[in-house]
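The structure appears below as structure tokens.
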Amino acid sequence: MAAAKATASASAAATRVSAVFRSNQELTRLARSGQLAAARRLFEEMPRRNVVSYNAMLSALARHGPLADARRLFEEMPRRNVISWNVMIAASSHHGHVTDARELFDAMPARDDFSWTLMVSCYTRAGELGLAREVLDRMPGDKCAACYNAMISGYAKNGRFDDAVTLLREMPAPDLVSWNSVLAGLTRNEGMSLSVQFFNEMPEKDLVSWNLMLEGYVRAGDMESANAFFARVPSPNVISWVTLLNGYCRAGRMNEARELFDRMPERNVVAWNAMLAGYVHLSHMEEAYKLFMEMPDQNSISWTTMVSGYVHAGKLQEAKDVLNKMPFDSVTAKTALMHGYLRSSRIDDARKLFDGLVVRDAVCWNTMISGYVQCGMLDEAMVLFQQMLNKDMVSWNTMIAGYALYGQMRKAISIFRKMNRRNTVSWNSIISGFVHNGLFVEALQHFMHMRRDSKRADWSTYACCFSACANLAALHVGRQFHSLLVRSGHISGSFSGNALISFYAKCGRILEARQVFDEMERQDIVSWNALIDGYASNGNGADAILVFQEMEANDVRPDEVTLVGVLSACSHSGLIDEGLHFFNSMTKLYSLKPVAEHYACMVDLLGRAGKLREAFELVQGMHMEPNAGVWGALLGACHVHKNHELAQLAAEKLFQLEPRKTSNYVLLSNFSAEAGNWNEAEKVRFLIKERNVHKPPGLAGST
DNA sequence: TATGCGTAGT
């Protein structure tokens, strides 16, 4: 009897255990597929839970929920094991909360291989390679391969191949992941020739290695090599196919992409999404929609791709409709729509979406912050920036660039100095800020600091430096930058090339400017404009017009800036008839409507020729309000031709438009003095004092 | 049954 009872209760217990076991399995499945709400429901409904149930729920929250919820569950758990601690470390690491991860790691009662590996990868993800290495070195006993591999991958991702390879040689038993980690770093940072060499020397390879190489060719935009390599992959899997497909999509070769997609032996949701993204990228929304409807199953990425596609195509209503039908809660999709609103200056709509989000990632925060920055609402941007807990490099750089753009360099510098780590963009933001605000020496000094920080300069850095050198007329320094640029390999890009043309032109070295222009791989409209402007500002109007004709012969359509260059060329070289011809025919010949800058050129041109009356009539006939440039040109012309009456009028307009600009007052004051009108000169000097006009400080607006 | 290191889609 007693034995029968015992058997019955034992079998009941076994049933309960297997019920918990089955629920745990289901919970894990939901957690892995990101179905957070369903996971929560199941967890709440479970009559019995063990530590595995808690860990599965914890992992769901850690991966897909707010970090605070994971933290709360962790605190509430009746019993924790090493896995519970590990999941929390992973969660903190993924949210970029490095300090929290470290505190958990230090506080946990016992650590296993996973704990050490997680801590290493947490640090490498944050770019803290030194701290990661300390953790690896401190790991007791036989270190596991995963822990070594996390460190090797960290080195490789950050371009430190010597360190990666050294550690690879030191570890007792490198495995496929070790080799592939180094290979991934090479294909992503160092181009294909080194990658091929390493790939050929690898003692063992698997499909991941082949796929990494394939991705390398795709990344390099070399689809012919990618295709040839694909043919050599022993037995390509769906990842190999998608990698190649993605290459054709990125190259905009949609016919070949579609042909490949139709040929694929197996299409998973990632493959469908890749094809979908290809259409969306080219704003082929009708094709995209058709494909979207054909998909056997759409996941949150498919929906998000559609939302961002409509946003990109400027169809905000369609984007909103898709978002409302979306069965997933996706930060990325909502952020895409926020982007759309911000691009249409609908900042309140964007903010409403932002406020409605329960989980926000760094991209979402940064989108809202940069939205405020672009509207000049820097205080609002700063409030969000301060509220943001997981600031990333983009957050910091956005604020720096924002303050720099609006002339508040003191605040920009203060944020820059508070950064623990800086990347190339951080340095570029501060350097371009200095250039933008006329602080050219500071810009160059910071370039030197950047080199000491061993951050790589890119084309943007060099463009800023050339601009600074041009403004300082520092020919010698600029030449040194030029040779640095040549050594750095960024010479082929048109951005730095264009800055270099302007630099030589502004230093009066028009032949060298021309040489840079001729040596560029591809000249864009900015290159032509820089060269035309170079000839113009060097008083070589006839050559500027020759270049303009050369540009037309090359079928490059002139834009507004080109015409400013051409007109100022005519003005500087006294080519009055030519100037009038270009000005009068720019609408008919090039479909360009004259803007204030063009009028300023014409006023200058007529003024220099002493035709002050015609110049004034032109100003009066403008179909827009004349700006400071126009009145300034007129004032300058009056100065040369001693027309005091007209000068007075122009100066008054200028004072209205630019009450704080010293040079206007100085110009009028000197002019009055020269004309013997000392009372007037004195009056202007008084005005300067009274209106408290200072020389525009580069650090203006930072109080 | 729950956690880590290398490859594809926002």
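First the proteins, then the strands, lettered A, B, ... as listed; each starts at 1.
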Base, sugar-phosphate alone, or nothing: which one does [X] contact when heavy atoms must sit under 4.0 Å apart?
{"X": "A:R250", "value": "sugar-phosphate"}
{"X": "A:D175", "value": "nothing"}
{"X": "A:N81", "value": "base"}
{"X": "A:K334", "value": "nothing"}
{"X": "A:R188", "value": "sugar-phosphate"}
{"X": "A:C144", "value": "base"}
{"X": "A:R63", "value": "sugar-phosphate"}

Taking the basic N atoms (NZ, or NE/NH1/NH2) and the acidic carboxylate oxygens, is any pair closer than 4.0 Å for [X] and [Y]?
{"X": "A:E259", "Y": "A:R263", "value": "yes"}
{"X": "A:R22", "Y": "A:E26", "value": "no"}
{"X": "A:K352", "Y": "A:D348", "value": "no"}

Residue pairs passing the salt bridge (Lys or Arg N to Asp or Glu O under 4.0 Å) test where at least one lies in residues 212-235 of chain A, sequence neighbours excluded: A:R188-A:E215, A:E215-A:R219, A:E224-A:R253

A:R258 and A:Y248: side chain donor to acceptor below 3.5 Å: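 The criterion, which ignores hydrogens and geometry beyond distance, is not satisfied for A:Y248 and A:R258.
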
Flag for A:N180-A:D206: side-chain donor and acceptor within less than 3.5 Å: yes

ring-ring contact (aromatic ring centres under 6.0 Å, His included) contacts touching residues 337-357 of chain A (sequence neighbours left out): A:F354-A:W365

Does anything in [range] reach DNA chain B, meaning a heavy atom under 4.0 Å, and if so which residues?
{"range": "residues 85-108 of chain A", "value": "A:N86, A:V87"}
{"range": "residues 110-128 of chain A", "value": "A:D113, A:F114, A:T117, A:L118"}
{"range": "residues 300-318 of chain A", "value": "A:I301, A:T304, A:T305, A:S308"}
{"range": "residues 205-220 of chain A", "value": "A:D206, A:V208, A:N211, A:L212, A:E215"}

Those residues that, when tested against A:F385, pass ring pair (Phe, Tyr, Trp, His ring centres under 6.0 Å) (two or more places apart):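 Expected list: A:W396.
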
Partner residues of A:Y54 under the ring pair (Phe, Tyr, Trp, His ring centres under 6.0 Å) criterion, sequence neighbours left out: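 Residues passing ring pair (Phe, Tyr, Trp, His ring centres under 6.0 Å) with A:Y54: A:F43.
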
Closest contact, heavy atoms only, A:W179 versus A:L168: CZ3-CD2, 3.4 Å

Expected output: side-chain A:T117 to main-chain A:D113 donor-acceptor under 3.5 Å: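 A pair under 3.5 Å: yes.
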
With sequence neighbours excluded, residues passing side chain to side chain contact (heavy atoms under 4.5 Å, CB included) with A:K143: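 Expected list: A:L136, A:M139, A:Y148.
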
Summary of side chain to side chain donor-acceptor pair (under 3.5 Å) pairs that have at least one residue in residues 284-295 of chain A, sequence neighbours excluded: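 Applying side chain to side chain donor-acceptor pair (under 3.5 Å) to every pair that reaches into residues 284-295 of chain A, excluding sequence neighbours, yields nothing.
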
Range on DNA chain B touched by chain A, heavy atoms, distance below 4.0 Å: B:dT1 to B:dT10

Steps toward side chain to side chain contact (heavy atoms under 4.5 Å, CB included) verdict (A:M119, A:L131): CA-CA 9 Å; A:M119 204 56 234; A:L131 290 171; over 6 Å; no

Criterion ring pair (Phe, Tyr, Trp, His ring centres under 6.0 Å) against A:Y217, the qualifying member of A:F230, A:F199, A:F229: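 Only one option passes, and that is A:F229.
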
Counterpart residues, side chain to side chain donor-acceptor pair (under 3.5 Å), relative to A:N24 (two or more places apart):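 For A:N24, the residues satisfying side chain to side chain donor-acceptor pair (under 3.5 Å) (neighbours in sequence not counted) are A:N50, A:S53.
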
